[in-house]
Amino acid sequence: MSDSSPAPVLEIWCDLQCPDCRTALDDLRALRGRYGDRLEPRLRHFPLEKNKHAFAAAQAAEEAWEQGRGWAYVEAVLGRVEELGREGEPFLVQVARELGLDGEEFDTALVDGRHILIVDADQAEGKAIGVTGTPTYVIGGERLDGGKSQEGLRERIEEIADRLLAGDAH
């Protein structure tokens, strides 16, 4: 059994102002607990039109990744979607500061739009593969839509991950 094969990637298409994505965090934590480094969760941005601060939040998350605390930031913002909805960009900078990140840099990044291209590219790719709501998961070439209901999704992800890890993906 070689350890050289890359971990299966679990893409999570997410809107950081979406309460359903907050619920998805529990699944993500459970999956992390179960698989550790054998599964690579990758956040993909899919800010929805209806959530007016989601696009800024996606940019802020990219800045958090640059500063080395991407997941911590995503979890902190999703944990407080109501505050994001009320306060918008100042809240995004505040969370960065709470995590010990460079708030000035967040502020600047939101003004100069340095991460917009990444967010736009994710959104375009999401639309191209049929993502319509969040959270949507993609693993092993299968798309699992959690936008309507997340019932049974984690079990489905585990089934696919187990199959990929067992090497039966052919």
Side-chain angles (χ1 to χ4, degrees), residues 6-48 50-123 125-126 131 133-139 144-147 150 153-154 157-158 160-161 164-165:
V9 171
L10 170 65
E11 291 186 326
I12 304 125
W13 297 83
C14 183
D15 170 314
L16 293 178
Q17 200 184 334
C18 160
D20 290 333
C21 289
R22 172 171 55 197
T23 314
L25 276 181
D26 293 333
D27 282 342
L28 190 55
R29 286 191 191 103
L31 290 164
R32 275 213 197 106
R34 176 167 174 170
Y35 295 104
D37 292 342
R38 294 182 309 136
L39 183 67
E40 186 193 329
R42 207 175 278 170
L43 186 84
R44 304 297 304 271
H45 300 293
F46 202 76
L48 303 167
K50 64 179 182 186
N51 294 330
K52 65 176 190 283
H53 301 301
F55 194 79
Q59 293 175 65
E62 283 302 316
E63 181 57 35
W65 250 283
E66 290 219 337
Q67 294 191 28
R69 299 290 309 278
W71 280 114
Y73 186 81
V74 164
E75 294 195 17
V77 171
L78 276 175
R80 294 154 68 184
V81 288
E82 294 82 6
E83 280 176 79
L84 173 58
R86 278 197 311 273
E87 296 167 32
E89 295 190 14
F91 169 74
L92 294 169
V93 176
Q94 178 196 328
V95 171
R97 291 202 169 104
E98 287 169 14
L99 290 171
L101 299 171
D102 182 342
E104 283 306 289
E105 206 51 45
F106 269 78
D107 216 14
T108 309
L110 288 170
V111 173
D112 72 18
R114 66 184 74 160
H115 302 300
I116 284 178
L117 285 176
I118 295 177
V119 179
D120 278 346
D122 269 11
Q123 207 168 20
E125 188 182 327
V131 176
T134 57
T136 294
Y137 301 93
V138 176
I139 181 170
L144 308 169
D145 184 355
Q150 301 186 51
L153 271 189
R154 187 165 89 212
I157 291 167
E158 288 175 355
I160 297 169
L164 293 171
L165 288 165

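Throughout, numbering of the chain's residues begins at 1 and tracks the sequence.
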Could you grab the distance from atom CH2 of Trp13 to atom OG1 of Thr134, nearest 0.5 Å is fine? 12.0 Å
Gln59 and Glu63: side chain donor to acceptor below 3.5 Å: no
Using every non-hydrogen atom in the two residues, find where Asp26 and Arg154 come nearest and quote the distance to one decimal. O-NH1, 4.3 Å
Do Glu75 and Arg69 come within less than 4.5 Å of each other through their side chains, counting heavy atoms only? no
State the CZ-CG distance between Arg34 and Leu31, to the nearest 0.5 angstrom. 8.0 Å
With side chains defined as the heavy atoms from C-beta onward, is the minimum distance between Glu158 and Tyr35 less than 4.5 Å? yes
Does the salt bridge (charged side-chain N to carboxylate O under 4.0 Å, His left out) test come out yes or no for Glu66 and Arg114, once each step is laid out? CA-CA 11 Å; Glu66 290 219 337; Arg114 66 184 74 160; 5.3 Å; no
Would you indicate whether the side-chain heavy atoms of Asn51 and Cys18 approach each other to under 4.5 Å? yes
Gap separating the CD atom of Gln123 from the CD1 atom of Ile118, nearest 0.5 angstrom: 13.5 Å
Nearest atoms (heavy-atom pairs only) where Leu84 meets Ala57: CD2-CB, 3.9 Å
For residues Arg38 and Ala7, report the shortest heavy-atom separation together with the two atoms involved. O-CB, 3.3 Å
Strictly by ring pair (Phe, Tyr, Trp, His ring centres under 6.0 Å), give each pair with a member in residues 56-102 just once, sequence neighbours left out. Trp65-Trp71, Tyr73-Phe106
Nearest heavy-atom pair of Ala76 and Val95: which atoms, and what distance? CB-CG1, 3.7 Å
Check whether any side-chain heavy atom of Ile139 sits under 4.5 Å from a side-chain heavy atom of Leu39, and report yes or no. yes
Side-chain donor/acceptor of Gln67 to backbone N/O of Leu101, under 3.5 Å: no
So does Asp112 have more than 12 non-hydrogen atoms from other groups sitting under 6.0 Å from CG? yes
Who are the salt bridge (Lys or Arg N to Asp or Glu O under 4.0 Å) partners of Arg97, not counting sequence neighbours? Glu104
Salt-bridge test for Arg32 and Glu40: reply yes if a basic N is under 4.0 Å from a carboxylate O, no otherwise. no
Test Glu87 against His53 for side-chain hydrogen bond (donor to acceptor under 3.5 Å, both in side chains), laying out the working first. CA-CA 9 Å; Glu87 296 167 32; His53 301 301; over 6 Å; no
If you round to the nearest 0.5 Å, how far is CG of Asp122 from CG of Leu117? 11.5 Å
Student check: side-chain heavy atoms of Pro47 and Leu16 closer than 4.5 Å: no
State the CG-NE2 distance between Asp15 and His45, to the nearest 0.5 angstrom. 11.0 Å
By the definition side-chain contact (heavy atoms from CB on, under 4.5 Å), identify the one residue from Leu10, Leu153, Thr136 that meets it with Leu144. Leu153
Hey, does Asp120 have a side-chain heavy atom less than 4.5 Å from the side chain of Phe55? yes
Check whether any side-chain heavy atom of Pro8 sits under 4.5 Å from a side-chain heavy atom of Leu165, and report yes or no. yes
In this structure, SG of Cys14 is separated from CZ of Arg22 (nearest 0.5 Å) by 12.0 Å
